[in-house]
Every structure is written in C-alpha cells, then in structure tokens.
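Numbered from 1 within each chain, the chains take letters A, B, ... in sequence-line order.
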Number of protein chains: 2
Amino acid sequence: MADIARLAGVSTATVSRALNHSPLVNEETRNRILELAASLKYSINIGAQNLRLRQNRTIGVVIPFDRKSHQHLTDPFLLTMLGSLADALTEQGFDMLFSRIATDELGTALAAPFDSGRVIGVIVVGQWGRHQELNELAARKVPIAVWGAQLPQQLYCCVGSDNVSGGRLATEHLLAQGRRRIAFLGDLDLPEPAQRYRGYRAALERHGIDADPQLQVSCPFLPSGGRDAVTTLLGRGVPFDAVFACSDLLAMTAIDSLRAHGRRVPEDVAVVGYDDIEQSSYFHPRLTTVRQPIGAAAQALVAKLLALIDGAPAPSVELPTELVVRASAGEAS
Amino acid sequence: MADIARLAGVSTATVSRALNHSPLVNEETRNRILELAASLKYSINIGAQNLRLRQNRTIGVVIPFDRKSHQHLTDPFLLTMLGSLADALTEQGFDMLFSRIATDELGTALAAPFDSGRVIGVIVVGQWGRHQELNELAARKVPIAVWGAQLPQQLYCCVGSDNVSGGRLATEHLLAQGRRRIAFLGDLDLPEPAQRYRGYRAALERHGIDADPQLQVSCPFLPSGGRDAVTTLLGRGVPFDAVFACSDLLAMTAIDSLRAHGRRVPEDVAVVGYDDIEQSSYFHPRLTTVRQPIGAAAQALVAKLLALIDGAPAPSVELPTELVVRASAGEAS
DNA sequence: ATGAAAGCGCTAACAG
DNA sequence: CTGTTAGCGCTTTCAT
C-alpha cells in the first residue's frame, strides 16, 4: 500500500480510502489509485485489515476423527456435509477454515482457532460422545453450532434430524413389508443411533413384537462397519429377514456383504439405510432410506452460527425426516 | 496479552517471551504467566502474530465449479480428494482455507487469497480448461499446485495420473474380455479425458480396430452424466458391448441406467471406470476401474506446494496408474 | 531477566 | 478532498 501511495503521489490514507470505495476521495484520484493497484495485482492485506478493524469473516469447520479407527475421511455423508457447508458459507461470503481434530482432543483443540482469533465461530460435524466438552465451550460463549442429536441439558446449539421418528419410519416400513426379524446396525453409545434405536423399539412395540437383543449389532460408521456387522449377525446364527442400518454407508457395505454370503436383497433380506446420500439413488438395489436433508442442514448450521455470532439466541432445531422408498426393502407399501 | 501482563505484573514483552517459551525468561515468571494464560483460556492472536512475523501457515484449497451445471459439490472423487488434502495438510501442521470458485472467475479469484496474504499458496483441484490462467499465476510466482493433466507449455506444477496409460489399461482389459464395441464416456474438451481417449484409441489401434466416433459420448463429471450418456448411446442405435467411463461416478450412474434399460452388467455390457473411489469396492457389480492413488496425490500436491513456497523447484509428476479388476467388466483375464 | 519502544499493514478520527 | 497521527496485538532489538 505504501508503494501505491508513493507511485500515486498521495498518502496511504487516501489509498486506503480509494480501495474501500470511500466517497470522500476525488474520483480522478480514486481511478488512478485503483488502476495502479490493479496493474500491480495489489490486494489489501486481510490480516492487517482484520487486526485493525477487529473483524473477520472466517468460520471454522471441524470434522473430528476417532484416533483408534477413523484414520481417513471417506464417509460420503460427512464429505457431502462438508461440501454443503462450503457452499453455504461461500454463499454468505464467509471463508471456511477446515480442520480435523481427534475426538480425544476436542475439548482443548476445538476452541483454539477461535481463541486465537482465526475464526469467529465453529461448526462441528457430529458430537462424537463429547457432549460435556461441547457444553463447556458453549458456556464459555464460544459461538458453536453442532450437527448431532438433541440431548438433555444441552447448552450448545444443535442441528440434527428427528432421529426417533426416523428410526420409527424405517422400522414401520420394514414391518409393512411383512418383515419381523429386523436387525439394527449402529453404535448405541452414540446419541444419534441411540435415538434411532428408540424409534425402532417403539415401532416394534406398536406391532407387539419383542426386540431381540441378538439382532442389535454395534458398529462404527466405517466402510468395514456393514461388513463386520453382517459377519457378526451370521455368526450369531439368529435368523433375520431385514436390516435397518444407521447410515447409507453401513447399509451399502452390509448389502455388499450379504450378497457375498449368498443372501439376496431385498428378497431374502430387506435393507433400509439412513441419510439418503446421493449414491443411494444409483446403488443397486436402489436404497430405501431415511432422508436427512444435508443441504438444508448445512444452511441451518451456518444460519444458527451467524445468529450466535451476532449475539442472537439460536435454539436447537430438529429437521424433519422422511422415508425415501426405493428398491432395497421391496416395493412401496 | 495486555491483561495477562497486568495481572502478572510484568510487561507484555515478557508475556510474549514466556508464551513462546523463550529461555530468556525466568522459569518462575514463565510458569506464572503460563498458568495465568491457561486459566484465562488465552491464546495468542494469530493474525497479529502473522502480521508481525510476516508468516502464515494457511494453505488455500480450491475446488472450482462450473456455473452452468455443477451447482453442488457431490462428486465422491472430488470429495475424497478434499478429505485427503485435509489429512495431508493437517499432518504437516498447516491450516486449510477451503473455497469454491466459479471456473469463469478462476483467473481473477484464484490468487486473491494469496495476494491478500491470507494463504501462502494454493492447491487447485482440476484444471477446468483454464490452462492459460493457471500459467499466468505461475508466471507471477504465485505458489500453486494443480491436480490435473500435464500439458504442453505448462508453467505451473501439476500432479496427475498417467492418463494415457490409464486409458490404454482400461481398453486393453475390455478387449481381452472379447469386447469390440467399446463406448467412451467423457468430455474431450477437458485435458484428462482427452488423454485417456488417446490411450483408448491406441489400444484399439493395436488390435486393429477402428474407433467409431458414434461410440464416443461427451458428458460432464456429474451424476446425470452417466445416465444421459447411456440415453444418448441408446438413442444413436449403435451396438455396444462395453463402456469405458472417465470416472467411477460416471461408470456407476451409467450402470444404473443400463440396468434400468434392461441391459445386464457385465454380461451384456462390460463397464470399466476411472478413479477407484472407495464406493467402487462395494458397488454392485463391484467396479473394475483404473486406480488413481488419491491419498498419494494429496500428499504429492502438498509436498510440491511446500517446495514451491520454499523457493525450491517443483517439477510436475505423473503418478502411476493401475487397473483394479473386480466384477463389472467380467472376470480377470 | 526484564522493560521501553518501534513497527508489521491497515483504518479512522481529526485537522486542515 | 487529503494528510497526520494513533493504534489494532504482537515480537524484537536495544537498553538496563
């Protein structure tokens, strides 16, 4: 900027004003400065500007990972969420600082980019069993919006889908297809699968069916999850004619594995997934699944976070959930 | 920092030194300051620090989008690349500033985060037909590493796979399966598909087969691409017994569409994809595809960019390409 | 071992 | 309309 001031024969203050399109500066001068800046490919140093203005238009996005298992980021649901968040943020004129943090460091590392002034708020995808740490951040007034499940005593703003009714929807559909031995795939230690399980239980109960604990198998949201779950299920020797998986990734890998074991889908085993990622529409058989509106979720997360940053209240929301009937669980009922 | 200085009864200079673990400061004083900082959840303002130190550890990552078609970021290949870049960057201790830019603005907008000092280098995923603009940036000494195809007169550092041999590999495999009418799906206006097409042509030629232009269909890397291509192909009424698609996304949506049209894969039509995204291994039929090592690619992009930033030379590289034989094109030959 | 002071690149009173 | 000056939060000589 000093260079430009010298070349234009004015003070840096004038250059600053011109660059910011202040009406105070003479049009001729402004044009001269603007041309000069363009020809030098000069662009205001945002860091210095932020420092001076005490502002910032960068939002942190964190997708945690589990140190033990989840080395790489490959779950299509998470990836799609990331893409949608990028789109939503771009649309609002914010930059996205993306980072991955190990779940066991969430408590300390999550707020670092905020405390150090790099971002003005953080979006976290998933609770990862760190409800308490997230609550502490919210209590500290760190602007934070989390994708996940609503929990009791939740201080932080949470955006999620209606997991209980999602679980109910999926199970009711399977029951309507005449299935009675419905396996449940998902990690009950995580809030979202736990709520979906409640919906699953409720639906069974409504039909007078006892839930068989042998049909519930815990598995992480990983590609190996569906495969391992099927192996476990088969190993237990319990009969089952349907599977409700807590994510489409799990559903797809389970289907692949069932097929490898000679079970036809949906004839022998009907499968319902959760998420409705794009791939579900061209997977074979096309996946029947509980739709989570990812695009809307990303928009909501951004909107909530911006509200929080503005000091406005941002109550948690549960996005409506919807069953998308395709082929993997038999025809529409 | 001023607060801490006051509370600790020292100057900000000492606080700064203590926080940076300078050996110059008395151990007792340092501990007092460190504790104070921890209890206040204080963390150095990175913006100010960067300004003063004239440094920065943020890298820009850009995934362009085509204004006309590609509204949202859903291609699993791109998403996986993004995830891998995030992992590679995190591993090296760099932050990632992610942005989406319309292809028609690449020339001007790509360097903005660099010129404004927000990032010290940029990774661009895909050339998007903007070879010239990318060259100009490189000529301007903007540190930039691009995922794409090597082209004549390329000034920028490019990391890509060996597309010609990839195309050859895929086609040879199909030929070895006895297929002779091989459709090619991909946009020849883009450098990578164009190179893969050269490999395709070379393989056909080696077997004394004339390439039928009716078998080449242009389609963008979108979910609708494979479907539309199949419709076009069927509409042309030309017989075909195989498809080589320029991405797994295209291959999968093409397979879905073929199935909808009553064609069995691989019996009636053998299909080979390109990329080897994770989903290919649990798609049905499991996809035979040309593997692009995405993780290695991300590592290479980061390494190249860091070299460039250090002022070191960073020659372009072509990563080796490999055929992964699964089920969508028949048994292994 | 610590403090005073200057300055990184920018903007906003305040004068003129 | 434009220049002077102070200061955003930090680090680093240079003194002491």
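Protein chain A contacts DNA chain D over a range whose 5' and 3' limits, counting nucleotides with an atom under 4.0 angstrom from a non-hydrogen atom, are dC1(D) to dG9(D). When DNA chain C is scanned 5' to 3' for any atom under 4.0 Å from a heavy atom of chain A, the first and last hits are dG9(C) to dA13(C).
Among the atoms of the strands shown, only primed sugar atoms or phosphate atoms (P, OP1, OP2) are found under 4.0 Å from some heavy atom of N20(A). Counting non-hydrogen atoms under 4.0 angstrom, L53(A) reaches the backbone sugars and phosphates but no base.
A donor-acceptor contact closer than 3.5 angstrom links the side chains of N56(A) and T58(A).
With contacts defined as side-chain heavy-atom distances shorter than 4.5 Å, the pair D275(A)/Q292(A) qualifies. Annotation: side chain of L134(B) is in contact with side chain of L110(B) (closest heavy-atom distance under 4.5 Å). L301(B) is listed as a side-chain neighbour of L85(B), based on a closest heavy-atom distance under 4.5 Å. Looking only at side-chain heavy atoms (C-beta outward), I44(B) and S116(A) stay at 4.5 Å or farther from each other. Between T108(A) and E133(A) there is no side-chain heavy-atom pair separated by less than 4.5 Å. Proximity of K304(A) to V317(A): side-chain heavy atoms (C-beta onward) are separated by under 4.5 Å at one or more points.
The minimum heavy-atom distance between A296(B) and L319(B), with the atom names listed, is C-CD2, 4.4 Å. D87(B) approaches L73(A) most closely through the heavy-atom pair OD2-N, 3.6 Å. Shown here for P143(A) and I120(A), the closest heavy-atom pair between the two residues is CG-O, 3.5 Å.
Where A48(B) and L24(B) each meet DNA chain C at their nearest nucleotide, the meeting point lying more 5' is that of L24(B).
Comparing the local axis fitted to the first five base pairs of the helix from dA1(C)-dT16(D) to dG16(C)-dC1(D) with the one fitted to its last five gives a bend of 40°, rounded to 10°.
Heavy atoms of other residues, nucleotides or ligands lying less than 6.0 angstrom from CD of Q55(A) number more than 12.
The distance from the CD1 atom of I309(B) to the CZ atom of R57(B) is 9.5 Å, given to the nearest 0.5 Å. Between R130(B) atom CZ and E105(B) atom CD the span is 10.0 Å, to the nearest 0.5 Å.
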Using atom types as modelled, flag every donor-acceptor pair under 3.5 Å from a side chain in residues 144-158 of chain A to any protein atom, sequence neighbours excluded.
{"from": "Q154(A)", "atom 1": "OE1", "to": "L151(A)", "atom 2": "N", "distance (Å)": "3.4"}
{"from": "Q154(A)", "atom 1": "NE2", "to": "A149(A)", "atom 2": "O", "distance (Å)": "3.2"}
{"from": "Q154(A)", "atom 1": "NE2", "to": "Y156(A)", "atom 2": "OH", "distance (Å)": "3.0"}
{"from": "Y156(A)", "atom 1": "OH", "to": "Q127(A)", "atom 2": "NE2", "distance (Å)": "3.0"}
{"from": "Y156(A)", "atom 1": "OH", "to": "H131(A)", "atom 2": "ND1", "distance (Å)": "2.7"}

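For DNA chain C, no neighbouring residue in residues 26-36 of chain A is found when judged by any heavy atom under 4.0 Å. Listed by residue number, the members of residues 1-18 of chain B with any heavy atom below 4.0 angstrom from DNA chain C are G9(B), V10(B), S11(B), A13(B), T14(B), R17(B).
Checking each of L190(B), I101(B), T103(B) against W128(B) for a side-chain contact (heavy atoms from CB on, under 4.5 Å) leaves exactly one that passes, namely T103(B).
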